[in-house]
Amino acid sequence: DWSSDVCSSDLAYDAENMGVTGKGQVIAILIDSLPRIEDLKRFWNDNGLKVAQEQVKFINVHGVGHALSPPSGEETLDTEWASGVAPGATIMVYAAGSTEYTDLDRGLQRIYADALKAGGPKFVSISLGLREDLVSSDERNSESELFLRLAALGVTVFVSSGDGGSNPDNLGHDRGTINAPEYESSDVWVVGVGGTSLQIDSNTGNRIGETAWSDSGGGYSSVATRPIWQTAANVVNQGYRGVPDVSCVADQNPGAYVILKGKEWPVGGTSWSTPIWAGFAALLAEGREKSGKSKIGFLAPSLYKVDRNQAFRDITAGSNGKYSARSGWNEVTGLGAPNVAALLREIP
């Protein structure tokens with residue numbers, strides 16, 4: 001299947017033959033634990049990727065010697081696919097110790113401190129979330145301030161929109177009774193990443209079709225007002241922030257090829273689409289530098305300024321529950337799936 005070959009993601013999203021690998025770019029991953037380097041090496045080898053172990057840096061947010069739980073999959077998925085899509089990039093994995101907000105805040109503060117330094121991260125991948133109404137206003141305000149500070153530095157944070165469709169339950173893993181987006185993807189200062197179902201010709205690797213993934217999180221925030229870039233693009237007809245912004249493959253059928261604890265581990269979800277987008281952003285950043293353009297900066301406003309007919313592929317079929325995909329921005333797939341080469345040309 002296509003997911004066993006990371007290069008197929010380049011082909012599916014028009015990122016092949018761009019002459020870039022993400023070299024010189026730094027992607028941060030915020031998660032609770034760390035992957036096994038043995039798993040990463042096998043993943044790179046299986047996919048024919050030239051990634052050196054030194055390109056992946058492990059940061060224990062609580063300090064050296066603080067005990068971390070063994071890898072459970074998320075940290076491995078994120079690291080393997082971010083490095084797979086952008087094999088020339090440096091990947092900094094920040095292990096927060098848990099997914100409790102106090103620990104995640106500590107991790108975000110460490111990422112911000114490192115982003116202030118030369119050679120710090122310019123892209124962040126976060127595959128975590130909780131239905132917005134279940135997160136306290138104090139916590140949202142605390143994290144939003146950090147996201148704003150990162151955006152001001154030109155750092156783009158990509159956050160998964162969730163795997164519970166328009167109505168995630170209180171754990172975000174299944175359906176509930178309340179239609180609401182998940183936080184942190186509903187924060188104004190991040191790029192929310194939704195999911196699609198991608199059909200690929202197993203013989204050629206060519207894309208056959210793409211529809212909205214039924215479990216892609218999305219909808220409208222009840223607390224965050226619509227950002228100016230959504231207003232200016234005239235794509236969100238409510239006064240509140242619309243989620244997601246963009247999307248790409250997330251369907252677990254066939255799912256991502258992941259090596260976890262030495263074994264193949266197929267997985268799906270917007271936890272997959274998010275590190276893919278972080279990798280694509282690293283490719284775009286290197287491409288801009290090579291062509292003499294300005295640094296890419298915080299990406300959200302630029303994504304809404306491009307010619308969407310060129311830079312994105314409309315996803316017009318499928319539903320996440322309350323909302324259905326349609327031409328233009330929608331509450332399941334955002335602006336759509338990327339044409340990465342066209343994005344490089346179109347981003348102002």
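Numbers here simply count residues along the sequence, with the first being 1. The figures here come from the full heavy-atom set of this structure, side chains too, leaving out hydrogens, waters and symmetry mates.
Checking each of Thr333, Thr270, Ile276, Val340 against Cys248 for a side chain to side chain contact (heavy atoms under 4.5 Å, CB included) leaves exactly one that passes, namely Ile276.
Of all non-hydrogen atoms in Gln55 and Ala89, the two that sit nearest each other are NE2-O, 3.0 Å. For Gly218 against Tyr323, the heavy-atom pair with the smallest separation is O-CE1, 3.8 Å. The two residues Ser221 and Glu132 come nearest to each other via the heavy atoms OG-OE2, 2.7 Å. Between Thr79 and Pro35, the shortest heavy-atom distance links the atoms OG1-CG, 3.7 Å. Residues Val188 and Ala224 share a closest heavy-atom pair of CG2-CB, 3.9 Å. Shortest non-hydrogen contact noted between Thr156 and Leu299 is OG1-N, 2.9 Å.
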Audit row: Glu286, Lys290, salt bridge (Lys or Arg N to Asp or Glu O under 4.0 Å) steps and yes/no: CA-CA 6 Å; Glu286 185 195 355; Lys290 279 191 167 184; 3.8 Å; yes
Tyr257/Asp46 under side chain to side chain donor-acceptor pair (under 3.5 Å): CA gap, chis, key distance, verdict: CA-CA 10 Å; Tyr257 177 80; Asp46 288 356; 2.6 Å; yes
Worked check of salt bridge (Lys or Arg N to Asp or Glu O under 4.0 Å) between Glu80 and Arg42: CA-CA 10 Å; Glu80 288 180 352; Arg42 179 178 160 190; over 6 Å; no
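Looking at Asn330, its side chain never comes within 3.5 Å of a backbone N or O of Ser324 through a donor-acceptor pair. With Thr76 contributing its side chain and Leu260 its backbone, the two residues share no donor-acceptor pair below 3.5 Å. Glu184 places no side-chain N or O within 3.5 Å of a backbone atom of Val159 that could act as its donor or acceptor partner. A donor-acceptor pair under 3.5 Å is formed between the side chain of Asp39 and the backbone N or O of Gly262. Between the side chain of Asn170 and the backbone N or O of Leu134 there is no donor-acceptor pair closer than 3.5 Å. Using a distance-only test at 3.5 Å, with no hydrogens or angles considered, a donor-acceptor pair links the side chain of Gln230 to the main chain of Gly242. Looking only at distances, no side-chain donor or acceptor of Ser185 sits under 3.5 Å from a matching main-chain atom of Gly192. At distances below 3.5 Å, not a single donor-acceptor pair connects side-chain atoms of Ser142 with backbone N or O atoms of Asp138. Not one N or O on the side chain of Thr274 forms a donor-acceptor pair closer than 3.5 Å with the backbone of Phe158. Put simply, the side chain of Arg288 never gets that close to the backbone of Leu344: no donor and acceptor are under 3.5 Å apart.
Side-chain polar atoms of Thr231 and Arg226 form a donor-acceptor pair below 3.5 angstrom. Ser166 and Asn179 form a side-chain donor-acceptor contact under 3.5 Å, judged by distance and modelled atom types alone. Glu182 and Ser161 form no side-chain donor-acceptor contact under 3.5 Å, judged by distance and modelled atom types alone. No donor-acceptor contact under 3.5 angstrom links the side chains of Ser144 and Trp189, judged on distance only. A donor atom on one side chain and an acceptor atom on the other are not found under 3.5 Å apart for Thr99 and Asp32. At a cut-off of 3.5 Å, with distance as the only test, no side-chain donor of Thr90 or Gln25 sits close to an acceptor on the other residue. Between the side chains of Glu210 and Thr196, at least one donor N or O lies within less than 3.5 Å of an accepting N or O. Counting only N and O atoms by type, the side chains of Asp133 and Tyr183 include no donor and acceptor under 3.5 Å apart. For the residue pair Ser216/Asn320, the side-chain donor-acceptor check at 3.5 Å is not satisfied. Side-chain contact check for Arg241 and Thr225: no donor-acceptor pair (N or O, by modelled atom type) lies under 3.5 Å.
With values rounded to the nearest 0.5 angstrom, Gln109 atom CD is found 5.5 Å from Leu146 atom CG. A distance of 11.0 Å separates CH2 in Trp277 from CZ in Phe123, rounded to the nearest 0.5 Å. Atom CZ in Arg207 sits 8.0 Å away from atom OH in Tyr13 (nearest 0.5 Å).
Side-chain contact check for Val243 versus Tyr220: every heavy-atom pair is 4.5 Å or farther apart. A 4.5 Å side-chain heavy-atom check between Asp187 and Arg140 finds every atom pair outside the cut-off. When side chains are defined from C-beta on, Leu303 counts as touching Phe312, because their heavy atoms get closer than 4.5 Å. Residues Tyr240 and Val223 fail the side-chain proximity criterion, which asks for heavy atoms closer than 4.5 Å. A heavy-atom distance below 4.5 Å is not found between the side chains of Ile27 and Val124.
For Glu100, the CD atom is loosely surrounded, since the number of other residues' heavy atoms within 6.0 Å does not exceed 12. Residue Asp307 places its CG atom among more than 12 non-hydrogen atoms of other residues, nucleotides or ligands, all under 6.0 Å distant. Within 6.0 Å of atom CD1 in Ile228, 12 or fewer heavy atoms from other residues, nucleotides or ligands are found, so the atom counts as exposed in its surroundings.
Note: the hydrophobic cluster containing Ile91 also contains Val193 (ILVMFWY, side chain heavy atoms under 4.5 Å, direct or indirect links). Follow the hydrophobic side-chain contacts under 4.5 Å out from Val155 and you reach Leu116 in the same cluster. Taking hydrophobic clusters as Ile, Leu, Val, Met, Phe, Trp and Tyr residues chained together by side-chain heavy-atom distances below 4.5 Å, Ile200 does not share a cluster with Ile315. The cluster map of Ile, Leu, Val, Met, Phe, Trp and Tyr, joined by side-chain heavy atoms under 4.5 Å apart, puts Ile37 and Tyr94 in the same cluster. Clustering ILVMFWY residues whenever any of their side-chain heavy atoms sit less than 4.5 angstrom apart, transitively, puts Leu130 in the very cluster that holds Leu30.
Classification of the His66-His62 ring pair by plane angle, with boundaries at 30° and 60°, yields parallel.
A salt bridge links Arg175 with Asp215: at least one charged nitrogen is closer than 4.0 Å to a carboxylate oxygen. Here Glu289 does not pair with Lys293 in a salt bridge; the nearest charged N to carboxylate O distance is not below 4.0 Å.
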